[in-house]
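Notes follow the structure.
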Amino acid sequence: MSAQSALRIDGLVAHPLELNYDALAAMDADAQVADVSRFDPARKGDAVRLSALLQLAGVKPEGDYLTLHASLDDFHASVPLAEVRERGLLIYRLDGEPLPRQSGGPIRFLIPDYAACKTAEIDDCANVKFVDRIEITRGRGQDNRPHDEQEHAELHRRQGPG
Ligand SMILES: Nc1nc2c(c(=O)[nH]1)N[C@H]1C(S)=C(S)[C@@H](COP(=O)(O)O)O[C@H]1N2
Ligand SMILES: [Mo]
């Protein structure tokens with residue numbers, strides 16, 4: 001995937017956006033979060049705050065779910081907006097380069113304090129890798145996170161270790 005793969009933000013927003021690596025890197029210092037391994041030793045890289053992206057896009061009042069799409073592997077997760085709006089992060093950079101594919105790049109969602117898989121709406125499964133679209137919806141949007149242990153095990157087998 002090229003360094004300039006874009007992240008689209010659309011759905012119930014006033015200003016749909018498309019941001020590439022340069023645009024993310026150029027966001028204000030307030031929007032930037034260096035070294036996410038501080039929150040989760042299993043993840044690495046630098047991020048921008050979801051709240052900063054949503055501020056640019058202007059979420060419409062009726063939007064109450066955030067749906068993360070990864071078209072690369074057709075994975076989708078939809079979570080209540082209020083629970084992730086202030087703490088959600090988009091990891092986009094590692095060592096001054098776009099986040100590599102093996103880390104879930106070029107863009108990976110991270111909720112710093114997620115629950116164990118399948119214990120809550122905000123679980124590790126919602127830490128979507130290869131995110132290329134964030135859609136604001138009214139009510140739950142597309143979500144194909146695994147429902148049970150077997151589906152989960154199968155997904156992880158397809159994904160390889162990690
Ligand atoms: N695009 C995409 N993101 C994904 C997944 C996936 O299959 N595709 N799996 C999810 C699940 S079920 C989990 S538990 C975590 C695993 O992250 P890891 O592979 O970095 O440990 O990624 C989540 N993000
Ligand atoms: Mo998961």
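Remember, it's a predicted structure, so these values are computed and weren't measured experimentally. Heads up: numbering here begins at 1 and tracks the sequence. We count ligands from 1, going down the list as the structure has it; atoms in each ligand are counted the same way.
- Here is the list of ligand 1 atoms found below 4.0 Å of a heavy atom in D73: 1 (N), 2 (C), 6 (C), 7 (O), 8 (N).
- Of the listed residues (A42, S71, C125), the one carrying the non-hydrogen atom nearest atom 10 (C) of ligand 1 is C125.
- A salt bridge is defined here as a Lys NZ or Arg NE, NH1 or NH2 lying under 4.0 Å from an Asp or Glu carboxylate O, and D40 with R87 fails to meet this definition.
- Between I136 and L66, some side-chain heavy-atom pair lies under the 4.5 Å cut-off.
- A heavy-atom distance below 4.5 Å is not found between the side chains of L56 and I9.
- Taking every non-hydrogen atom of N127 and a distance limit under 4.0 Å, the qualifying atoms of ligand 1 come out as 22 (O), 23 (C), 24 (N).
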How far apart are the C-alpha atoms of F75 and R145, what are their side-chain angles, what is the distance that settles it, and do they pass the side chain to side chain contact (heavy atoms under 4.5 Å, CB included) test?
CA-CA 7 Å; F75 188 82; R145 280 179 286 175; 3.8 Å; yes
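- The nearest non-hydrogen atom to atom 17 (O) of ligand 1, considering only R108, R145, E151, H152, comes from R108.
- In the candidate list D40, D124, D74, D123, D124 is nearest to atom 15 (C) of ligand 1, counting heavy atoms.
- Annotation for ligand 1: atoms under 4.0 Å from non-hydrogen atoms of L155 are 7 (O), 9 (N), 12 (S).
- In this structure, H156 is part of the shell of residues with a heavy atom less than 4.0 angstrom from ligand 1.
- A continuous path of Ile, Leu, Val, Met, Phe, Trp and Tyr side chains, each step under 4.5 Å between heavy atoms, connects Y92 with V84, placing both in one hydrophobic cluster.
- Residues R158 and D73 are not paired through a salt bridge, judged by the lack of any N-O separation under 4.0 Å between the basic side chain and the carboxylate.
- Taking a 6.0 Å sphere around CD of E62, one finds it holds more than 12 heavy atoms contributed by other residues, nucleotides or ligands.
- In this structure, R158 falls outside the shell of residues with a heavy atom less than 4.0 angstrom from ligand 1.
- Here is the list of ligand 1 atoms found below 4.0 Å of a heavy atom in F130: 1 (N).
- Residue A70 approaches ligand 1 through these ligand atoms, each under 4.0 Å from one of its heavy atoms: 1 (N).
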